[in-house]
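In what follows, chains are A, B, ... by sequence order, proteins preceding strands, each numbered from 1.
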Number of protein chains: 2
Amino acid sequence: MAVTIKDVARLAGVSPSSVCRALTDPARVRADTRERVESAAEQLGYRPNRAARSLITGRTANLGVVLPDLANPFFPTVVKAIQKQARRFDYAVFLSDTDEDPAVEVPAIRALAMQVDGFLLCSPRASDHELRSNARDKPVVVLNRRITPFPSVTADNADGMRQAVGHLAALGHRAVAYVGGPRTSWSHRDRQRGLRAATAARGMRLVEVGNVAPTVDGGAAAADLVLAAPVTAVLAYNDLVALGLLQRFQARGVRVPEHLSVIGFDDIPVAGLLGPPLTTVAIDTEQIGRVGVDLLLELMAGPVHRGVTRRVLPTQLIVRGSTGPTV
Amino acid sequence: MAVTIKDVARLAGVSPSSVCRALTDPARVRADTRERVESAAEQLGYRPNRAARSLITGRTANLGVVLPDLANPFFPTVVKAIQKQARRFDYAVFLSDTDEDPAVEVPAIRALAMQVDGFLLCSPRASDHELRSNARDKPVVVLNRRITPFPSVTADNADGMRQAVGHLAALGHRAVAYVGGPRTSWSHRDRQRGLRAATAARGMRLVEVGNVAPTVDGGAAAADLVLAAPVTAVLAYNDLVALGLLQRFQARGVRVPEHLSVIGFDDIPVAGLLGPPLTTVAIDTEQIGRVGVDLLLELMAGPVHRGVTRRVLPTQLIVRGSTGPTV
DNA sequence: TTGAAAGCGTTACCAG
DNA sequence: CTGGTAACGCTTTCAA
């Protein structure tokens, strides 16, 4: 059997109540009492039972992270940052991968709800309504999406697109294609919106070639549509899609950037390793995770918050070999 | 306040005990009682409080996953598979990323110990001794490593190396280099051992150029050592290291595979997307995760197990563009 | 088959 | 500053 607070109390010669106080709020007991308790706890290797604690306090010291696909290289760094920041504040992390299935999301949230103090929803795929009505009882921070009334952390997609379009314009491009991500993806819609505005502002032609899965295969599937369009450059929903494009272009003998310039989004770790290295819009994924945790902790500490907190993080165009001047 | 078993009992007109029985072991109550309880629970949206349950049963229905670096593309697929299999059996998953720091591992395990029914340790970096003495109280399955007396799931590294060396021999290579991973990595040592045996068996020369971090940067750092060695091919500890080699080779104008053949290990998702695509030894990472969970559940169900279970999964050489005949 | 009551380990409250 | 007692929500005896 595990060592309980009673064992510590007996060894220290005090009551369980005092042990509890000594360990949770040292200021509330006399110094010598605290010392005896601490040494007794140390000696016995006492670890408080969090289930029992959470039963009475209502707190669990756990955070729930829900995301659509850990295999998308965008997420691991976010999760790492969340993990790191959570650990700093003694929170443990539940992870739930929904495999891009919106129908799994709500059940996953409900299943975890009892065991966490709050949720970090990363790029959730379910509808606003579903999320709003099912995540009401616990604090929620949404990453990569905005859902009223939850606080959110997003990247400045519009500005990223503005930078990308400006770059292409400077290279002489006048007509560009966009390969969209899943219609259920808020990031996709936000980037699409930003791209439309940026191309319109410069009088550039924009050809949208449809929506694909946010994967390499999705990008490969759209490549031929891009080639059939009267454009000299293509922007992809994200780097995975861009990678798929590059791959298929290579297979069809289309040289990048000589024939066609390609720009991705996210700056996933492998983006710079390819031939050619991918020009892309970088997002500070670590910051997303960190700020998300901070926001959540804040929300959990003081439930009084006026207005909706929306943190928008800067994006940064990274120019690499996959973009070049028109010929 | 959340709805408790008492609320359900009141609405159904029975005692809390009966509600408990009806919900956990339907066979032990009369059919009509069960129906009333079920509909009452449904109507109220009752969710059992797992903290309270675990307090008395000692079970948590949680699994703990500890791994060194989620940013290494090898792990996300493993975690996804674990998650998926765990969900099938109604287990939730705690994730703890130790950031390749052995010193964080044991504290991470201890912190989670109380809240999980068992651990899946993925490529743990701490010493056998530390792990043995700190993970005694909960069932543990080790992935990508063998630590007596824990059950383990590993890849057949030796056979993978045999295949790789056979491939190189067939292409005419007689001397190869090996860029090793962290000394604390069991996989590294196992692969090194397998490689030594395989090259010896074929009378090939093996030059070991030291140990590097299991990252792209680690590989890049070792590239020049490889070029200085009298070899025509190089095997890397894993794909990330191989990627680093490829990158640095390219920067130095060394053509692959014309000047030098390169083989990685793991077959991470991006391995096939590069220029040149990476020849590598594939591991079924999903199977590792799935089998790991199965083993753990088995272990938790019946603590009686004679002998140590060691599951060794097959590896498969994937030949791509980064290997070619000697010139 | 069902209900009453005890108890899991902890914290909160109230006397002292 | 400390100890006793109740309570968190659930499961598990034990009687009926």
Between C:dG3 (P) and B:R10 (CZ): distance, integer Å: 14 Å
Measure CZ/A:R53 against P/C:dC8 and give the value in whole Å, please. 19 Å
To the nearest angstrom, how far is A:R34 atom CZ from D:dC1 atom P? 11 Å
Please lay out, stage by stage, how B:L95 and B:L67 fare under the test side chain to side chain contact (heavy atoms under 4.5 Å, CB included). CA-CA 8 Å; B:L95 185 79; B:L67 48 75; 4.1 Å; yes
Is there side-chain contact between B:L296 and B:Y91, with heavy atoms separated by less than 4.5 Å? no
Verify side chain to side chain contact (heavy atoms under 4.5 Å, CB included) between B:T148 and B:R132, making sure each step is shown before the conclusion. CA-CA 8 Å; B:T148 309; B:R132 257 198 294 270; 4.3 Å; yes
The single option from A:V116, A:N134, A:L131, A:T98 passing side-chain contact (heavy atoms from CB on, under 4.5 Å) against A:I109: A:L131
Euclidean distance, atom CG of residue B:L55 to atom P of C:dT11 [Å, nearest integer]: 12 Å
Salt bridge or not between A:E286 and A:K80? Use side-chain N to carboxylate O under 4.0 Å. no
A:R28 CZ to D:dT2 P, straight-line distance once rounded to whole Å: 11 Å
Measuring to OP1 and OP2 of D:dT2, would you say a side-chain N or O of A:T33 lies under 4.0 angstrom away? yes
Whole-Å distance, A:L23 CG to C:dT11 P, equals 8 Å
Side-chain N or O of A:S18 versus OP1/OP2 of D:dG3: is the shortest distance under 4.0 Å? yes
Send over the distance from B:I56 CD1 to C:dA5 C1', rounded to a whole Å. 12 Å
Base of D:dG4 paired with side chain of A:S17 (donor-acceptor, under 3.5 Å): yes
Does a distance-only test, which skips hydrogens and angles, find a donor-acceptor pair under 3.5 Å between the side chain of B:R21 and the base of C:dG3? yes
Side-chain N,O (B:S15) to OP1/OP2 (C:dG3) below 4.0 Å: yes
Just the rounded figure in Å: distance from C1' of D:dT12 to CG of B:D25. 13 Å
Counting only side-chain N and O atoms of B:T24, is one of them less than 4.0 Å from OP1 or OP2 of D:dT11? no
Any A:R30 side-chain nitrogen or oxygen under 4.0 Å from OP1 or OP2 of D:dC1: no
